[in-house]
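Heads up, the thing below is written out as structure tokens.
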Protein chains: 2
Amino acid sequence: MDKKNKPLSKNQKIVLDFIQKNKKPVKAYSILSNVKRKGINAPPQVYRALDKLIEIGKIHRVESQNSFVACKVSDCDTPHKTIFSICNSCEIVSEIKDPKLFKQLKDFSDNDGIKFDGYNLEFFGTCKACKNKQPESTQH
Amino acid sequence: MDKKNKPLSKNQKIVLDFIQKNKKPVKAYSILSNVKRKGINAPPQVYRALDKLIEIGKIHRVESQNSFVACKVSDCDTPHKTIFSICNSCEIVSEIKDPKLFKQLKDFSDNDGIKFDGYNLEFFGTCKACKNKQPESTQH
DNA sequence: TCAAATTATGTTATATTATAACACTACACT
DNA sequence: AGTGTAGTGTTATAATATAACATAATTTGA
Ligand SMILES: [Zn+2]
Ligand SMILES: [Zn+2]
Ligand SMILES: [Zn+2]
Ligand SMILES: [Zn+2]
């Protein structure tokens, strides 16, 4: 896989750098406004960089949020084999690395016996930090 | 679960009816233009109906397509427990009903032992029909 | 080595998807 | 009858994403 080792272009670096600095997923227009001073002026420049970074697996798109997050799994060299947990309360996103679940998804085939090229799985719940903030007694 | 049995409002019926008539997922603005003659005039009317129909599990949102599809699994009375297969070529979407996979997802908990309220899983591949149209010899 | 192909950039305009805000109506419950 | 909740209609606008076109940089390979 040598796409992965190809050096990034200027705009791709700028965009990736900003995404990696953020703990939470970021939105395209938030990226834009934050990198304007680096010479990126318009949405297409951001979206092109995002497309490429997704293609080489450096970042992933969080579909339910229209947001983008850096890959935390070193061997994600392709898009579309992604598992996330998403907190409904603070919207923090964690990429899940679970060999057993990977295998279950990889091996899944539908009724017609068709195997799939990729998948995206998003789990929703309340993260530990948010659970502590809202103890059971205040939940109804 | 008595939300499910509550009669739908006029706009909810119109929107659900249109979605159910379509084999493929439909987009919000396509719904709008197709139900204009039924007295739905503006986006908020469509989106409100969609939100409610999703909430009661009559339809689901296909996150990767920004589209909406009728539920094909009779006991989906909640949102966010959904599994789809999506053809990359014709974009047809099928809701998957697979007890084994349901169980694997239901039982999944992350490293912190946190269980999740819901999930959305989208598989990507090429459907049978599209595979037949493009036999291996023409693929490279 | 140099022409062709591919990849990336910059820019303007526009398309697509979704929500805010406000006034009003229908209906259920007590 | 009064109150709360859900639904409707409408205008305007926000947020997300792409089309289209001109140009520049880079890789490739004959
Ligand atoms: Zn990853
Ligand atoms: Zn949280
Ligand atoms: Zn369903
Ligand atoms: Zn297909």
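Interatomic distance, NE2 of His60(A) versus CZ of Phe68(A), reported as 12.5 Å (0.5 Å rounding).
Axis deviation across the helix from dT1(C)-dA30(D) to dT30(C)-dA1(D) amounts to 40°, comparing end segments of five pairs, rounded to 10 degrees.
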Using nucleotides 22-26 of chain D, report all nitrogen or oxygen pairs with the protein that are shorter than 3.5 Å.
none

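In this structure, the side chain to side chain contact (heavy atoms under 4.5 Å, CB included) partners of Ser64(B), at least two apart in sequence or on a different chain, are Glu63(A), Val62(B), Ile86(B), Glu122(B), Phe124(B). Partners of Asn11(A) under the side chain to side chain donor-acceptor pair (under 3.5 Å) rule, at least two apart in sequence or in another chain, do not exist in this structure. Here Lys23(B) pairs with nothing under the salt bridge (charged side-chain N to carboxylate O under 4.0 Å, His left out) rule; sequence neighbours left out. Judged as a side chain to side chain contact (heavy atoms under 4.5 Å, CB included), and not counting sequence neighbours, the contacts of Lys100(B) are Asp98(B), Gln104(B). With sequence neighbours left out, the side chain to side chain contact (heavy atoms under 4.5 Å, CB included) criterion links Glu91(A) to Gln65(A). In this view, Asp107(B) and Lys103(B) satisfy the side chain to side chain contact (heavy atoms under 4.5 Å, CB included) rule, not counting sequence neighbours.
Between Phe108(B) and Phe123(A), the ring planes are parallel. Angles under 30° get that label, and only those over 60° would be called perpendicular.
Along DNA chain C, the stretch of nucleotides lying under 4.0 Å from any heavy atom of chain A spans, 5' to 3', dT7(C) to dT12(C).
For the segment residues 37-46 of chain B, residues with any heavy atom less than 4.0 angstrom from an atom of DNA chain C are, sorted by number, Pro43(B), Pro44(B). A heavy atom closer than 4.0 Å to some atom of DNA chain C occurs in no member of residues 9-25 of chain B.
Residues Glu95(A) and Ala70(A) come closest through the heavy atom pair OE1-O, 4.1 Å. Summarising the geometry of Cys87(B) relative to Thr126(B), their closest heavy-atom pair is SG-CA, 4.0 Å, with the distance given to 0.1 Å.
Sorted by first and then second residue, the salt bridge (Lys or Arg N to Asp or Glu O under 4.0 Å) pairs involving residues 32-45 of chain B (not counting sequence neighbours) form an empty list.
The nearest whole Å value for the distance from the CD atom in Gln65(B) to the P atom in dT18(D) is 13 Å.
Distances shown here put a side-chain N or O of Tyr47(A) below 4.0 Å from the OP1 or OP2 atom of dA17(D).
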